[in-house]
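Worksheet: one structure, shown below.
Residue indices begin at 1 and follow the sequence shown.
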Amino acid sequence: MKPYKKLILLFLIIVFISCILAPIKKVPLDFMLEKAGFMADTVDYENGVYDFGKVMRRILMLVALIVFIVFRKSLRFSILISSGLKIRSGFFRQFLLGFLLAGLSLLIYYGLGLISGAWVIHLDYDSAGVIILNIVKYALIGCLIGVMEEIFFRGFILQSFMENMPVPLAVCACSLFYSILHFFKADVLVTTGFQPFVGFVTMAQFLKPLFFHFIKHLPAIIGLFLVGVVLSYAFIRTKSLYLSIGLHSGMVFMMKADGMFLVRVREKMGWLFGDSKLVTGILIWFFLICILIVIKKIYSNSYNYGKI
């Protein structure tokens, strides 16, 4: 079986197993919420109702981890990952370049937002020490997310797709998969008590925006798809994950740190500056294309896996 077909099959298996395990997990969770309540804040528990979407995401992650460990040899998981993380000359420079490219692009974005009134200054801190601690915290979170997601999406998924697909098609498939998975964040409110189909209901709620509100969510789909294309292109041009990790980390860091200094005026020029996700705005799409061009210019003489 071709690698990309195997991945699709494994994804369906992961979803199915997670849906079967969901009601089993819900039973002890209900008991703990009603009797002890020490997990109440993590699932927004109140008056017998809580967000099972958060629980389902953790179940999916755990099942996926187990499945990939079990099938790691046939999937060549460690081989693909190690090739992307191989230490080469200039690897840290690639990471810094990616981080700075993302940071500079978003700084210009925020600057234009302030000039137009789409963003306003709002200082949300108590002291310089708090600012420094938060900056360090957000930088660490950004790097952690960047490393984990790039290892999975570009290090594993993209390389698996490229083994049996033309490079442009592999990039599009990986970026679409990356975009779709970001919609597995819906709030799914449930009551306590045994519900045998809660897993399937939650998955349906996750996918509902894509099938029933597609036009409404199209800007987010396009924006996330473009992010995936940029990160994939960075990997292909450098044959390494460090540039894409830097870009991803920089994006996450800036979007988390902006809350300390700025606040978005939601109703103002949303088509240009986007909403809370940022990627829904045309301006972010423009900057993503600019980053693509910069990467192509800097690594114009680099070998890549194919024309793209």
Side-chain angles (χ1 to χ4, degrees), residues 2-8 11 68 75-77 79-86 88 90-91 94-103 105-106 142-143 145-184 219-252 255 277-279 284-308:
K2 293 183 178 180
Y4 73 90
K5 291 183 179 179
K6 190 180 296 184
L7 286 175
I8 293 172
F11 175 72
F68 282 118
L75 292 172
R76 300 173 60 245
F77 189 81
I79 295 174
L80 295 174
I81 298 305
S82 59
S83 69
L85 290 175
K86 184 177 180 181
R88 298 182 176 90
F91 77 96
Q94 290 179 0
F95 171 82
L96 285 179
L97 174 63
F99 199 97
L100 291 174
L101 272 176
S105 298
L106 283 170
C143 290
I145 293 174
V147 169
M148 292 177 62
E149 292 200 6
E150 289 312 299
I151 284 176
F152 180 70
F153 285 105
R154 259 56 64 175
F156 176 57
I157 298 295
L158 177 61
Q159 289 197 88
S160 296
F161 284 172
M162 288 196 300
E163 290 183 346
N164 295 100
M165 290 183 181
V167 174
L169 181 59
V171 169
C172 289
C174 178
S175 300
L176 184 60
F177 184 58
Y178 173 78
S179 178
I180 290 173
L181 283 188
H182 277 75
F183 283 87
F184 282 30
I221 295 171
I222 294 173
L224 289 166
F225 178 83
L226 286 175
V227 171
V229 170
V230 170
L231 296 173
S232 297
Y233 189 72
F235 169 74
I236 289 169
R237 276 291 179 178
T238 60
K239 297 178 294 180
S240 168
L241 287 169
Y242 295 103
L243 179 59
S244 64
I245 288 174
L247 284 164
H248 203 143
S249 301
M251 292 176 189
V252 174
M255 287 189 290
K277 297 177 183 177
L278 300 190
V279 294
I284 288 294
W285 303 353
F286 170 76
F287 282 121
L288 288 171
I289 294 171
C290 288
I291 291 174
L292 269 178
I293 295 171
V294 171
I295 293 173
K296 184 175 182 179
K297 291 290 184 182
I298 294 176
Y299 296 98
S300 59
N301 297 320
S302 300
Y303 169 80
N304 53 68
Y305 291 92
K307 294 182 179 179
I308 179 173

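Atom-to-atom distance recorded for Leu288:CG and Leu101:CG is 11.5 Å, nearest 0.5 angstrom. Rounded to the nearest 0.5 angstrom, Ile236 CD1 and Leu243 CG are separated by 12.0 Å. Atom CD1 of Ile291 is separated from atom CD1 of Ile295 by 7.0 Å, given to the nearest 0.5 angstrom. A distance of 10.5 Å separates OG of Ser82 from CZ of Phe77, quoted to the nearest 0.5 Å. We find the CZ-SG distance between Phe99 and Cys143 to be 6.0 Å, quoted to the nearest 0.5 Å.
For the pair Tyr233 and Ser244, the minimum side-chain heavy-atom distance is 4.5 Å or more. For the pair Leu181 and Leu224, the minimum side-chain heavy-atom distance is 4.5 Å or more. Annotation: side chain of Ile180 is not in contact with side chain of Ile221 (no heavy-atom distance under 4.5 Å).
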Scan the side chains in residues 160-167 for donor-acceptor partners under 3.5 Å anywhere in the protein, sequence neighbours excluded, and list what turns up.
residue, atom, partner, partner atom, Å
Ser160, OG, Phe156, O, 2.8
Glu163, OE2, Arg76, NH1, 2.3

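When every heavy atom of Ser175 is checked against every heavy atom of Gly228, the shortest pair comes out as OG-C, 3.1 Å. The heavy-atom pair separating Leu158 from Phe235 by the smallest distance is CD2-CD2, 3.7 Å. Leu247 and Ala234 make their closest contact through CD1-CB, 3.8 Å (heavy atoms, listed as atom of the first residue, atom of the second, distance). Residues Leu75 and Leu80 come closest through the heavy atom pair O-CD1, 4.0 Å. For the residue pair Phe153 and Cys174, the shortest heavy atom distance occurs at O-SG, 3.3 Å. The two residues Arg154 and Ser232 have their closest heavy-atom pair at CD-OG, 3.4 Å.
Partners of Tyr4 by ring pair (Phe, Tyr, Trp, His ring centres under 6.0 Å), not counting sequence neighbours: none found. Scanning for ring pair (Phe, Tyr, Trp, His ring centres under 6.0 Å) contacts around Phe91 gives Tyr242, with sequence neighbours left out. Here Phe152 pairs with Phe68 under the ring pair (Phe, Tyr, Trp, His ring centres under 6.0 Å) rule; sequence neighbours left out. Residues meeting the ring pair (Phe, Tyr, Trp, His ring centres under 6.0 Å) test with Phe184, sequence neighbours left out: Phe206. Residues meeting the salt bridge (Lys or Arg N to Asp or Glu O under 4.0 Å) test with Arg88, sequence neighbours left out: none.
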**Request:** Determine, step by step, whether Ile145 and Met251 satisfy the side chain to side chain contact (heavy atoms under 4.5 Å, CB included) criterion, reporting the C-alpha distance in whole Å, the side-chain angles of both residues, the deciding distance to 0.1 Å, and the verdict.
**Result:** CA-CA 10 Å; Ile145 293 174; Met251 292 176 189; over 6 Å; no
**Prompt:** Given the rule in the side chain to side chain contact (heavy atoms under 4.5 Å, CB included) test, do Leu278 and Phe287 qualify, once you have shown the distances and angles that lead to the verdict?
**Reply:** CA-CA 12 Å; Leu278 300 190; Phe287 282 121; over 6 Å; no
**Item:** Tyr299 and Gln94: CA distance, side-chain angles, deciding distance, side chain to side chain contact (heavy atoms under 4.5 Å, CB included) verdict
**Value:** CA-CA 11 Å; Tyr299 296 98; Gln94 290 179 0; 3.4 Å; yes
**Asked** When you look at Phe177 and Ile157, which way does the side chain to side chain contact (heavy atoms under 4.5 Å, CB included) test go after all the steps?
**Response** CA-CA 9 Å; Phe177 184 58; Ile157 298 295; 4.3 Å; yes
